Amino acid sequence: MSSSVSSVRLPLRAAPPLYGRREWRADGARAPSPALVAVKPLSCRAPASYRSALLLHRRRRYALPPVAATATSKPVLKDPKKYQEWDSLTAKFAGAANVPFLLLQLPQIILNARNLLAGNKTALFAVPWLGMLTGLLGNLSLLSYFAKKKETGAVIVQTLGVISTYVVIAQLAMAESMPLPQFVATSAVVAAGLLLNFLNYFGWLPGTLWLLWEDFITIGGLAVLPQVMWSTFVPFIPNSLLPGIISGSLAATAVIMARMGKLSKGGINFVGSLSGWTATLLFMWMPVAQMWTNYLNPSNIKGLSAFTMLLAMIGNGLMIPRAVFIRDLMWYAVYLQPWILLF
């Protein structure tokens with residue numbers, strides 16, 4: 001008997017499919033994965049939802065190419081060149097709006113200065129200080145909104161609005177149309193707001209301090225808005241501070257709960273958007289207060305400058321294309337309000 005053991009030949013078996021590999025056919029196209037072909041009949045009689053889940057699992061496991069995963073979809077691709085052209089064009093329109101906004105309050109300021117020099121302080125009572133205050137606070141809050149979004153054109157516009165409106169308010173305080181304590185408080189808020197917004201715009205402000213400012217304008221805006229709305233009609237309704245106290249208390253409660261994480265994600269987002277929409281409503285209440293004053297005292301219209309309203313309409317009209325381009329609903333509300341006042 002030979003010491004060498006004769007080799008036994010076993011029948012050859014096909015090698016198992018190598019998952020994740022693809023074979024290329026002669027025509028250059030990829031051949032389907034053997035694993036997918038093998039399990040395909042098992043899913044034919046399965047429910048539609050199960051087949052969808054199984055297909056998704058196969059795509060993730062066997063690394064199907066992206067084309068196969070999106071074969072039934074029709075993606076809409078943006079043209080980068082066209083997008084840049086529209087971005088540049090609307091930015092130029094927003095930049096051009098700085099010219100009328102720079103001159104916006106100039107006619108009213110000149111008219112007020114003439115009346116003050118002539119000793120005609122009564123003429124300045126045609127400009128309601130509550131309406132100017134709402135416009136000023138609206139400009140300041142919107143400055144924070146656009147500074148956070150780095151919209152340079154809108155930041156410049158709102159800054160010009162804050163400065164020019166503050167000059168008018170200072171003239172009203174000189175004419176004793178606006179009470180001195182309210183003017184002092186407004187001056188402090190304006191100075192702090194301009195400083196904090198520009199520090200944040202250039203990235204020089206700590207995040208914690210900016211959050212405190214956002215909470216302040218949210219609570220302050222929600223406290224001032226209903227109070228100003230109520231005070232506008234004070235001759236016909238009793239004078240009361242309850243609207244501002246109640247609204248401010250609710251706003252403070254909502255902000256504290258949001259910071260403590262006691263609200264849902266939707267609630268936190270809602271609280272975060274309150275400051276922007278409150279600013280918009282404050283800004284839009286300015287023409288309402290002016291129209292109410294004109295209705296009560298038609299003779300005081302002589303103390304208003306129609307050219308100021310015309311400049312506001314032109315400037316805001318130039319800002320609307322930018323609002324359409326970035327699809328920000330807040331821009332529509334802000335930059336349409338002067339048209340209402342003009343008519």
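All values derive from a computational prediction rather than experimental measurement. FYI, the numbering just counts along the sequence from 1.
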Co-members of the apolar cluster containing I268 [side chain, <4.5 Å]: I219, V255, M257, L263, V271
Connected to I245, directly or through other members, by ILVMFWY side-chain contacts below 4.5 Å are L241
Find the distance between [atom1] ([X]) and [atom2] ([Y]) and round it off to the nearest 0.5 Å.
X	Y	atom1	atom2	value
L212	I217	CG	CD1	11.5 Å
T232	L130	OG1	CG	5.5 Å
W213	L195	CH2	CG	10.0 Å
L194	L140	CG	CG	6.5 Å
F233	N239	CZ	CG	14.0 Å
K148	L143	NZ	CG	13.5 Å

With a 4.5 Å heavy-atom cut-off, do M178 and T186 have their side chains touching? yes
Between Q182 and L133, is any pair of side-chain heavy atoms under 4.5 Å apart? no
Is there a side-chain contact (heavy atoms from CB on, under 4.5 Å) between T152 and Y201 once you walk through the steps? CA-CA 9 Å; T152 305; Y201 180 80; 2.6 Å; yes
side-chain contact (heavy atoms from CB on, under 4.5 Å), that's the test. Do V155 and Y145 meet it? Break it down for me. CA-CA 9 Å; V155 167; Y145 175 80; over 6 Å; no
Above 12 or not: heavy atoms from other molecules or residues under 6.0 Å from [atom1] of [X]?
X	atom1	result
K150	NZ	yes
F270	CZ	no
F93	CZ	no

Please report the C-alpha distance between F198 and T159 in whole Å, then the side-chain angles of each, then the deciding distance to 0.1 Å, and finally whether the side-chain contact (heavy atoms from CB on, under 4.5 Å) criterion is met. CA-CA 10 Å; F198 281 102; T159 303; 3.3 Å; yes
Donor-acceptor pairs under 3.5 Å, side chain of residues 162-175 to any protein atom, not counting sequence neighbours: which ones?
| from | atom 1 | to | atom 2 | distance (Å) |
| --- | --- | --- | --- | --- |
| S164 | OG | L160 | O | 2.8 |
| S164 | OG | G161 | O | 3.4 |
| T165 | OG1 | G161 | O | 2.6 |
| Y166 | OH | S187 | OG | 2.7 |
| Q171 | OE1 | N112 | ND2 | 3.0 |
| Q171 | NE2 | I109 | O | 3.1 |

Donor-acceptor contact present, side-chain N200 to main-chain L196, <3.5 Å: no
